[in-house]
Protein chains: 2
Amino acid sequence: MKNSHHSIAAIERDTGLSKDVLRKWEQRYGFPAPLRDAQGERIYPEEQLQRLRLIRRLVDRGRRPGAVVPLSAPELEAMLADVAPAPESTLALETVDAVMACLKGHDGVTLQGQLDRALMKVGLQLFVVDFVAPLNVLIGEAWLRGDIEIAEEHLYTEQVQNVLRSAIARQTSTGGSPRVLLTTFPDELHALGLLMVEALLATEGATCTSLGTQTPVDDIARLAAGGQIDIVALSFSGAYPVRHAVDGIRRLRDALPPSVELWCGGAGLLGRRPSIAAVEHLESVEACLGALQAWHRAHPTT
Amino acid sequence: MKNSHHSIAAIERDTGLSKDVLRKWEQRYGFPAPLRDAQGERIYPEEQLQRLRLIRRLVDRGRRPGAVVPLSAPELEAMLADVAPAPESTLALETVDAVMACLKGHDGVTLQGQLDRALMKVGLQLFVVDFVAPLNVLIGEAWLRGDIEIAEEHLYTEQVQNVLRSAIARQTSTGGSPRVLLTTFPDELHALGLLMVEALLATEGATCTSLGTQTPVDDIARLAAGGQIDIVALSFSGAYPVRHAVDGIRRLRDALPPSVELWCGGAGLLGRRPSIAAVEHLESVEACLGALQAWHRAHPTT
DNA sequence: TTCTCCTGTTTGTCCTGGACAAAGGCGTGT
DNA sequence: ACACGCCTTTGTCCAGGACAAACAGGAGAA
């Protein structure tokens with residue numbers, strides 16, 4: 001794995017940086033500096049992929065590419081430590097350690113047991129807001145640092161999905177309002193944010209219809225325009241190109257009936273101004289609860 | 001809105017055709033033929049976007065671009081109309097109708113209720129083998145024919161996932177053998193086959209560790225080599241390039257300890273000879289039950 | 001007949017190097 | 001302090017060319 005190499009398309013997919021941007025950075029700043037294969041195509045070593053991921057996070061937080069692309073990995077990490085103060089907030093250290101131990105031991109069964117126990121202890125809402133959400137951040141950062149492997153991150157995601165889906169299935173009751181359609185745009189693969197929102201909304205009695213990931217814009221619009229939907233909720237992970245997101249959101253907003261609300265959230269939009277009219281921008285998972293209350297105030301039950 | 005114009009990036013996002021492909025088609029087939037703005041950038045009228053969407057559907061179904069890109073919209077629609085008619089299956093017609101009705105009505109809650117009821121009636125194994133598996137085929141074909149939309153297919157997949165995951169969670173017990181690692185290669189997004197296998201194995205007492213989709217070969221190998229795994233099971237959907245699959249399987253087989261079995265299945269390998277030594281090729285979902293018995297015979301409990 | 005192998009064509013992805021507009025930063029004048 | 005205009009940075013787009021993988025169709029073998 002240390003020696004694995006990646007094509008430019010793979011780097012685009014993994015970092016969210018377009019091929020054009022990758023070539024331009026190489027030309028302008030001398031980094032990334034991929035090897036070339038026999039046909040002259042770029043081959044990126046793993047190490048450069050990881051450095052690009054660090055750069056991406058800093059750029060997302062407002063640093064300018066010219067100022068961070070040439071920096072070395074340690075310099076980038078130091079800078080990230082500045083920008084992102086340790087968010088050790090609500091989680092007990094022992095809990096984190098226990099989860100990490102399961103991951104390193106590749107013990108999915110035990111991990112799921114722990115998640116289940118945590119869920120039973122505090123209930124679904126607090127479980128999502130105070131447990132899963134911060135844990136996701138920690139896992140993401142550990143992966144960025146190379147502390148855990150891809151397979152281990154997958155294992156975590158899978159178990160959380162299991163627990164959340166089971167919990168949601170237990171909550172579901174028919175006919176509650178509002179009716180919410182949840183999905184992501186094409187090229188966005190992360191389903192966890194969607195599930196967390198679905199869990200929160202389900203506990204509040206909303207009727208959630210999740211399409212999973214990767215639904216084309218006009219399919220979303222067509223389904224929502226069918227008249228069965230009050231709110232469309234979209235999730236964007238950190239790797240999703242902001243420009244695509246904004247563009248797609250705008251297009252979807254135009255295609256949607258004005259009566260249908262549009263909620264957007266996820267790390268991919270963090271720190272961005274809520275620049276689009278008539279679109280609810282959720283800064284965190286729990287923000288959807290506030291938005292839901294607002295919806296209920298605006299739509300009193302007859 | 002009908003007369004809106006689109007940049008090449010918007011077309012890429014809405015059709016899934018990359019910028020390079022759009023330019024090449026224009027150069028080779030004379031379509032799309034976008035207008036140009038003051039800076040010479042391509043501006044696609046709405047009408048061409050819709051024609052591109054029709055083309056995309058035909059290409060997805062196996063037509064070659066050279067044969068469909070130059071056709072007019074009416075010709076494309078006529079061509080979409082004539083596709084293979086529905087085949088027979090073992091499923092009760094009323095069951096299929098009921099499921100289809102839920103999909104067309106975008107009613108995920110009712111659909112999940114039906115799936116749950118079917119599961120309760122016949123048990124997890126029969127549910128997977130005689131219900132979900134043939135239904136998957138039917139849904140896939142209906143989509144191919146254009147009878148259902150992408151969003152509706154997503155809805156189906158999502159509900160089946162919910163039901164299966166809940167059922168698996170109920171089955172799970174610790175420590176059973178063998179210990180099976182389930183996942184797919186990168187670029188393979190379909191998780192349903194994995195879940196079906198996991199469900200069958202779980203009912204037989206095996207300890208399943210699913211990594212979900214898209215785990216790199218080296219990560220699979222490293223995790224399996226950790227000594228906690230007896231069997232690695234991979235799934236390939238129909239869209240997966242056979243060559244990549246065979247190549248990856250070979251690399252993984254080489255990287256795996258000989259004591260670890262490797263099982264491969266899914267529509268992507270159907271009809272292929274079991275050409276790779278020391279790899280179990282599963283022709284259908286239920287084949288994993290036979291493979292499991294064979295494993296138990298080869299590894300008597302001490 | 002049916003199957004397999006081979007060959008020419010089709011097709012998607014990648015390359016280079018250049019152009020330009022939108023957005024960001026900065027200094028000046030009010 | 002704030003507003004305005006200028007310069008720099010940055011992302012996206014363009015053209016035209018190269019190449020390997022996938023495919024189709026024909027020749028030859030079973």
Side-chain angles (χ1 to χ4, degrees), chain A residues 5-13 15-44 52 55-56 58-70 240-247 250 271-273 275, chain B residues 5-13 15-44 52 55-56 58-70 187 238-248 268 271-273 275:
Chain A
H5 300 294
H6 311 276
S7 70
I8 194 171
I11 299 292
E12 177 181 39
R13 180 167 41 70
T15 64
L17 302 166
S18 77
K19 299 181 182 77
D20 278 330
V21 167
L22 289 166
R23 295 196 194 100
K24 273 294 174 245
W25 282 8
E26 181 180 341
Q27 175 194 316
R28 286 173 178 158
Y29 317 119
F31 186 87
L35 311 172
R36 299 299 179 117
D37 70 5
Q39 289 81 40
E41 306 199 343
R42 291 174 173 80
I43 301 292
Y44 297 81
L52 282 169
I55 292 169
R56 175 94 213 291
L58 284 167
V59 170
D60 280 351
R61 288 164 202 225
R63 295 301 222 274
R64 305 196 67 179
V68 292
V69 175
Y240 200 84
V242 182
R243 199 183 167 78
H244 280 202
V246 173
D247 201 36
R250 227 173 240 135
R272 298 282 149 182
R273 292 278 161 202
S275 44
Chain B
H5 299 292
H6 312 279
S7 70
I8 194 172
I11 299 293
E12 174 182 38
R13 188 174 24 66
T15 63
L17 301 165
S18 78
K19 299 182 183 78
D20 278 330
V21 168
L22 289 166
R23 296 196 194 100
K24 275 292 174 247
W25 283 7
E26 181 179 342
Q27 176 194 316
R28 287 173 179 158
Y29 317 119
F31 186 86
L35 313 172
R36 299 300 180 120
D37 69 5
Q39 291 80 40
E41 305 199 344
R42 291 172 173 79
I43 300 293
Y44 297 81
L52 281 171
I55 293 169
R56 180 90 213 288
L58 284 166
V59 170
D60 279 351
R61 268 148 240 219
R63 297 301 225 276
R64 305 198 68 179
V68 292
V69 173
D187 297 330
Y240 199 83
V242 182
R243 197 185 161 73
H244 282 200
V246 173
D247 194 44
R272 295 281 146 184
R273 284 165 307 177
S275 45

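The chains referred to below are lettered A, B, ... by the order of the sequence lines, with proteins before strands, and numbering in each begins at 1.
- Residue whose closest nucleotide on DNA chain C sits further toward the 5' end, between Gly66(B) and Arg28(A): Gly66(B).
- Atom C1' of nucleotide dA20(D) and atom CG of Asp37(A) are separated by 11 Å, given to the nearest angstrom.
- Atom OH of Tyr44(A) and atom C1' of dC15(C) are 11 Å apart (whole Å).
- Nearest-nucleotide positions on DNA chain D for Arg64(A) and Ala9(B) put Arg64(A) closer to the 5' end.
- Taking CD from Glu12(A) and CG from Leu52(A), the interatomic distance works out to 12.5 Å, rounded to the nearest 0.5 Å.
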Got a list of protein N/O to nucleotides 14-16 of chain D N/O distances below 3.5 Å?
residue, atom, partner, partner atom, Å
dC14(D), OP1, Arg42(B), N, 2.7
dC14(D), OP1, Arg42(B), NH1, 3.1
dC14(D), OP2, Arg23(B), NE, 3.1
dC14(D), OP2, Arg23(B), NH2, 3.2
dC14(D), OP2, Arg42(B), NH1, 3.2
dC14(D), O5', Arg42(B), NH1, 3.0
dA15(D), OP1, Arg36(B), NH1, 3.2
dA15(D), OP1, Arg36(B), NH2, 3.2
dA15(D), OP2, Arg42(B), NH1, 3.0
dA15(D), OP2, Arg42(B), NH2, 2.5

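- Every residue meeting the side-chain contact (heavy atoms from CB on, under 4.5 Å) condition with Ala9(B), not counting sequence neighbours, appears here in chain and number order: Ser7(B), Lys19(B).
- Put simply, Ser7(B) has no side-chain N or O that comes within less than 4.0 Å of OP1 or OP2 on dT12(D).
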Exercise answer: donor-acceptor pairs, residues 31-43 of chain B side-chain atoms, under 3.5 Å, sequence neighbours excluded:
residue, atom, partner, partner atom, Å
Arg36(B), NH1, Gly40(B), O, 2.8
Arg36(B), NH2, Glu26(B), OE2, 3.4
Asp37(B), OD1, Gln39(B), N, 2.8
Asp37(B), OD1, Gly40(B), N, 3.1
Asp37(B), OD1, Glu41(B), N, 2.9
Arg42(B), NE, Glu26(B), OE1, 2.7

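- How far OG1 of Thr15(B) is from CZ of Arg13(B): 9.5 Å, rounded to the nearest 0.5 Å.
- Pairing each heavy atom of Pro65(A) with each of Pro70(A), the nearest pair is O-CD, 4.0 Å.
- Taking atom CD on Glu12(B) and atom P on dC13(D), their separation rounds to 8 Å, with Å as the unit.
- With sequence neighbours excluded, no residue forms a salt bridge (charged side-chain N to carboxylate O under 4.0 Å, His left out) with Arg64(A).
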List the steps and the verdict of salt bridge (charged side-chain N to carboxylate O under 4.0 Å, His left out) for Arg56(A) and Asp60(A). CA-CA 6 Å; Arg56(A) 175 94 213 291; Asp60(A) 280 351; 3.4 Å; yes
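- A straight line from CD1 of Ile55(A) to C1' of dT10(D) spans 15 Å, rounded to a whole angstrom.
- With dC14(C), dT11(C), dT10(D) as the candidates, the nucleotide lying closest to the side chain of Tyr29(A) is dT10(D).
- Residue Leu58(A) contributes atom CG, which lies 14 Å from atom P of dT10(D) at whole-angstrom precision.
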Treat a base pair as Watson-Crick or G-U wobble with both distances under 3.5 Å, then lay out DNA chain D in dot-bracket form, 5' to 3', with | for cross-strand pairs. ||||||||||||||||||||||||||||||
Worked verdict on Leu17(B) versus Ile11(B) for side-chain contact (heavy atoms from CB on, under 4.5 Å): CA-CA 7 Å; Leu17(B) 301 165; Ile11(B) 299 293; 5.9 Å; no
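- In terms of phosphate contacts, Ser18(A) brings a side-chain nitrogen or oxygen within less than 4.0 Å of OP1 or OP2 of dT12(D).
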